[in-house]
Amino acid sequence: MSTTDSSLQTVRISLAERSYDIRIGSGQLSDPLAWQGLPKASAALIVSNETVAPLYLERCRQQLLGHYARVDAVLLRDGEQYKDWDSLNQIFDTLLRTASDRKTVLVALGGGVIGDMTGFAAAVYMRGVPFVQVPTTLLSQVDSSVGGKTAINHPLGKNMLGAFYQPERVIADLDTLDTLPERELSAGLAEVIKYGPIADAEFLTWIEAHIDALRARDKGALAYAVKRSCEIKAWVVGQDEREQGLRAILNFGHTFGHAIETGLGYGNWLHGEAVGCGMVLASDLSVRKGLMPADFLPRMRRVIERAGLPVTAPKLGLQRYLELMRVDKKAEGGEIRFVLIEALGKAGMHGADEALVDAVLQAHCA
Ligand code: NAD
Ligand code: GLY
């Protein structure tokens with residue numbers, strides 16, 4: 001198992017008429033081929049934020065000007081705490097102020113927050129306009145830009161308002177990861193690690209062997225990690241686009257993780273940090289339920305820690321955790337449902353007694 005080179009690789013999301021390509025590689029932002037064949041329209045609107053725009057907006061705009069007579073931009077405030085109605089309305093305000101028609105192409109330039117909000121705006125504006133994902137964080141390249149989940153947060157629950165709406169294309173330029181803060185790179189690694197235990201035991205072994213190279217931003221290692229992650233996500237989404245069953249496995253670590261994010265207030269812990277720590281708790285629950293051998297927990301904790309992620313959860317108290325986890329989208333009739341590992345490379349949905357959840361929290365909260 002080796003790394004791969006960082007020239008273009010393409011992963012296909014196969015969803016009949018909603019199929020599309022994920023283009024992964026160095027230099028994609030500046031490669032005219034990456035931007036060819038997008039839907040025809042007179043205008044495009046780039047949605048980005050105040051951090052990403054100074055770095056990449058002009059390159060993106062120049063490419064789009066080769067295809068659209070008008071290219072506008074709207075810059076939102078940066079942060080998970082702004083993944084809300086106000087930011088969404090800013091997109092709609094711009095679209096309406098510029099008299100954008102129903103063919104206008106939205107382009108999400110940024111991380112998962114921008115991608116999720118732009119996708120939701122595209123799903124809703126005039127009942128649906130095309131959109132393109134240009135993910136610039138590791139997390140968005142391996143997960144959020146792919147598969148069509150779009151959303152904003154509600155103060156009472158993470159990603160509670162949204163739509164399934166697929167992009168026309170994903171353009172993942174690995175060079176954008178050069179400017180990513182270290183903490184954000186680690187957050188992205190959480191979602192990379194996730195794919196191992198849920199779907200590919202060999203990939204987990206590969207990640208363990210390459211975690212230092214990934215943190216050092218070795219392009220070959222990053223290229224392989226993004227490609228393999230997208231392949232696994234494509235395999236899952238291709239079978240269950242709207243999360244009727246299988247797709248829920250992509251939420252390994254997210255039930256505890258979303259509770260941490262919402263409980264601490266959006267933006268305190270990064271999404272990837274909460275997911276990383278959530279995977280430690282969910283791994284422990286998998287062991288305590290007798291699904292996995294005891295050595296699975298230290299193995300997961302070690303790789304998550306080596307990725308630079310927190311492995312100790314905040315002490316919110318059992319009742320608060322339960323209250324937060326009951327708002328999770330996977331909960332059914334008030335029963336909290338966890339994605340647990342059943343064998344390396346295989347996950348499933350499980351309930352858990354309060355006493356078991358309490359034991360897990362006691363073991364990992366401080
Ligand atoms: P983010 O969008 O907040 O980006 C992280 C930070 O990095 C931000 O400050 C951003 O401005 C900055 N940034 C982005 N690209 C940069 C670059 N190239 N150089 C320097 N700085 C850069 O966070 P994220 O981790 O990308 O995404 C998290 C969000 O994704 C959460 O809201 C989560 O719910 C969502 N998510 C969605 C899905 C999905 O399937 N739709 C999956 C996973 C996560
Ligand atoms: N990130 C979870 C999903 O796309 O289903």
Side-chain angles (χ1 to χ4, degrees), residues 13 29 47-57 59-60 75-84 87 108-120 123 133-153 157-167 170 172-192 194-195 198 217 229-230 232-234 236-237 239-255 257-258 261-262 266-267 269-276 309 329-330 339:
I13 301 284
L29 274 188
V47 182
S48 192
N49 71 24
E50 54 209 8
T51 307
V52 177
L55 298 167
Y56 303 114
L57 181 67
R59 245 183 285 171
C60 194
L75 304 190
L76 308 178
R77 281 181 293 183
D78 184 7
E80 184 73 41
Q81 63 275 38
Y82 301 116
K83 190 177 165 183
D84 61 8
S87 299
L109 175 67
V113 169
I114 288 292
D116 279 13
M117 282 196 293
T118 307
F120 191 22
Q133 289 272 17
V134 186
T136 61
T137 63
L138 180 60
L139 186 140
S140 55
Q141 294 187 356
V142 301
D143 193 351
S144 65
S145 67
V146 175
K149 275 192 182 175
T150 75
I152 57 170
N153 298 327
K158 172 94 184 129
N159 291 336
M160 277 295 151
L161 311 162
F164 286 100
Y165 196 67
Q166 301 294 341
V170 180
D173 187 335
L174 297 171
D175 295 342
T176 60
L177 304 181
D178 292 344
T179 55
L180 201 61
E182 204 170 319
R183 191 175 161 202
E184 300 291 350
L185 190 80
S186 289
L189 288 174
E191 303 279 19
V192 175
K194 156 186 97 176
Y195 290 112
I198 63 165
R217 302 174 204 233
S229 299
C230 288
I232 294 171
K233 186 146 185 186
V236 172
V237 171
Q239 294 174 75
D240 181 20
E241 181 184 9
R242 288 180 163 254
E243 200 166 311
Q244 300 301 301
L246 177 71
R247 184 165 179 165
I249 67 170
L250 297 173
N251 278 305
F252 177 51
H254 287 58
T255 307
H258 284 167
E261 266 191 283
T262 310
Y266 300 126
W269 276 34
L270 301 179
H271 175 72
E273 291 173 336
V275 167
L309 293 161
K329 287 190 290 305
K330 295 181 296 305
V339 178

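Counting starts at 1 for both ligands and their atoms, in listed order. Sequential numbering from 1 along the given sequence is applied to the chain's residues. Just so you know, these numbers come straight off a predicted model, no measurement behind them.
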Asker: Could you identify the single nearest non-hydrogen protein atom to atom 5 (C) of ligand 1 and state the distance to 0.1 Å?
Answerer: E184 OE1, 3.2 Å
Asker: Below a 4.0 angstrom heavy-atom separation, can you tell me which part of T179, side chain or backbone, both or neither, approaches ligand 1?
Answerer: both
Asker: Under 4.0 Å from any heavy atom of G111, which atoms of ligand 1 are there?
Answerer: 2 (O), 26 (O)
Asker: When you compare ligand 2 with H254, is there at least one nitrogen or oxygen pair between them that comes in under 3.5 angstrom?
Answerer: no
Asker: In the protein, which heavy atom is nearest to atom 35 (C) of ligand 1, and how far is it?
Answerer: D116 OD2, 3.4 Å
Asker: Which residue supplies the protein heavy atom nearest to atom 1 (N) of ligand 2, what is that atom called, and how far is it?
Answerer: D143 OD1, 3.1 Å
Asker: Is K158 near ligand 1, meaning one of its heavy atoms is under 4.0 Å from it?
Answerer: yes
Asker: Hey, is the main chain of G119 close enough, under 3.5 Å, to the side chain of D116 for a donor-acceptor pair?
Answerer: no
Asker: Give a yes or no answer on whether the side chain of R183 reaches the backbone of E273 with a donor-acceptor pair at less than 3.5 Å.
Answerer: no
Asker: Any nitrogen or oxygen of N251, main chain or side chain, under 3.5 Å from a nitrogen or oxygen of ligand 2?
Answerer: no
Asker: Per the side-chain contact (heavy atoms from CB on, under 4.5 Å) rule, which among N251, V236, V237, L250 passes with E243?
Answerer: N251
Asker: Please work out, at 4.0 Å between heavy atoms, whether the side chain, the backbone, both, or neither of L270 comes within that distance of ligand 1.
Answerer: neither
Asker: Would you please name every residue forming a side chain to side chain contact (heavy atoms under 4.5 Å, CB included) with K329, sequence neighbours left out?
Answerer: N159, M160
Asker: Check for a donor-acceptor pair, side chain of K83 on one end and backbone N or O of M117 on the other, with a separation under 3.5 Å.
Answerer: no
Asker: Under 3.5 Å, is there a donor-acceptor pair between the side chain of T136 and the main chain of T176?
Answerer: no
Asker: When you measure from the heavy atoms of K233 to every atom of ligand 1, does any distance fall below 4.0 Å?
Answerer: yes
Asker: Applying a strict 4.0 Å limit to heavy atoms, is E261 in contact with ligand 1?
Answerer: no
Asker: Checking S145 side chain against S140 main chain: does a donor-acceptor pair fall under 3.5 Å?
Answerer: yes
Asker: Checking a contact table here: which protein heavy atom is nearest atom 15 (N) of ligand 1, and how many Å away?
Answerer: T136 OG1, 2.7 Å
Asker: Counting only heavy atoms closer than 4.0 Å, does ligand 1 sit against the backbone of N159, its side chain, both, or neither?
Answerer: side chain
Asker: May I ask you to list the atoms of ligand 1 that are less than 4.0 angstrom from any heavy atom of K83?
Answerer: 31 (C), 32 (O), 33 (C), 34 (O), 35 (C)
Asker: Just need the protein heavy atom nearest to atom 23 (O) of ligand 1, so name the residue and atom and give the distance.
Answerer: G112 N, 4.1 Å
Asker: What is the minimum heavy-atom distance between Y195 and I232, and which atoms define it?
Answerer: CD2-CG2, 3.6 Å
Asker: Do you know which two heavy atoms are closest between L109 and C60, and how far apart they sit?
Answerer: CD2-CB, 4.2 Å
Asker: Need the ligand 1 atom indices (1-based, order shown) with element for anything under 4.0 Å from a heavy-atom of Y56.
Answerer: 18 (N)
Asker: Which atoms form the tightest heavy-atom contact between Y165 and T150, and what is the distance?
Answerer: O-CG2, 3.9 Å
Asker: Hey, looking at atom 43 (C) of ligand 1, which of D78, D143, V52 has the closest heavy atom?
Answerer: D143
Asker: Taking the non-hydrogen atoms of P181, is any one of them nearer than 4.0 angstrom to ligand 1?
Answerer: yes
Asker: Identify, by atom number and element, the atoms of ligand 1 in contact range of L55, meaning under 4.0 Å from any of its heavy atoms.
Answerer: 19 (N), 20 (C)
Asker: Would you kindly say whether S48 and Y56 are connected by a side-chain donor-acceptor distance under 3.5 Å?
Answerer: no
Asker: What part of K149, side chain, backbone, both or neither, has a heavy atom within less than 4.0 angstrom of ligand 1?
Answerer: both
Asker: Excluding sequence neighbours, so at least two apart, what forms side chain to side chain contact (heavy atoms under 4.5 Å, CB included) with D175?
Answerer: S26, D173, D178, K219
Asker: E191 heavy atoms, cut-off 4.0 Å: which ligand 1 atoms fall inside?
Answerer: 43 (C)
Asker: Would you mind reporting whether L138 and E184 have side-chain heavy atoms less than 4.5 Å apart?
Answerer: no
Asker: What protein heavy atom sits nearest atom 28 (C) of ligand 1, and how far off is it?
Answerer: L139 CD2, 3.8 Å
Asker: Which heavy-atom pair separates R247 from G147 by the least distance, and what is that distance?
Answerer: NH1-O, 2.9 Å
Asker: Tell me which part of L177 gets within contact of ligand 1: side chain, backbone, both or neither, using heavy atoms under 4.0 Å.
Answerer: neither
Asker: Side chains of E191 and V275: does their closest heavy-atom pair fall under 4.5 Å?
Answerer: yes
Asker: Which residue holds the protein heavy atom closest to atom 4 (O) of ligand 1, what is that atom called, and what is the gap in Å?
Answerer: T137 CG2, 3.6 Å
Asker: For atom 31 (C) of ligand 1, find the nearest protein heavy atom and state the residue, atom name and distance (0.1 Å precision).
Answerer: E80 OE1, 3.1 Å
Asker: Does K330 reach the main-chain N or O of A248 with its side chain, forming a donor-acceptor pair under 3.5 Å?
Answerer: no
Asker: If we ignore hydrogens and angles and just use 3.5 Å, is the side chain of D78 paired with the main-chain N or O of T51 as donor and acceptor?
Answerer: no
Asker: Answer with side chain, backbone, both or neither: which part of T51 has a heavy atom less than 4.0 angstrom from an atom of ligand 1?
Answerer: side chain
Asker: Heavy atoms only, cut-off 4.0 Å: how does L180 contact ligand 1, side chain, backbone, both, or neither?
Answerer: both
Asker: Looking at E80 and K158, is there a salt bridge between them, counting it only when a charged N and a carboxylate O are closer than 4.0 Å?
Answerer: yes
Asker: Quick one: does N49 get an N or O within less than 3.5 Å of an N or O on ligand 1?
Answerer: yes
Asker: By number and element, which atoms of ligand 2 are closer than 4.0 Å to a non-hydrogen atom of K149?
Answerer: 2 (C), 3 (C), 4 (O), 5 (O)
Asker: Atom 39 (C) of ligand 1: which protein heavy atom is closest, and how many Å away?
Answerer: S144 CA, 3.5 Å
Asker: For ligand 1, which part of V113 has a heavy atom less than 4.0 Å away: the side chain, the backbone, both, or neither?
Answerer: both
Asker: Taking a cutoff of less than 4.0 Å between a non-hydrogen atom of the residue and any ligand atom, is K233 in contact with ligand 2?
Answerer: yes
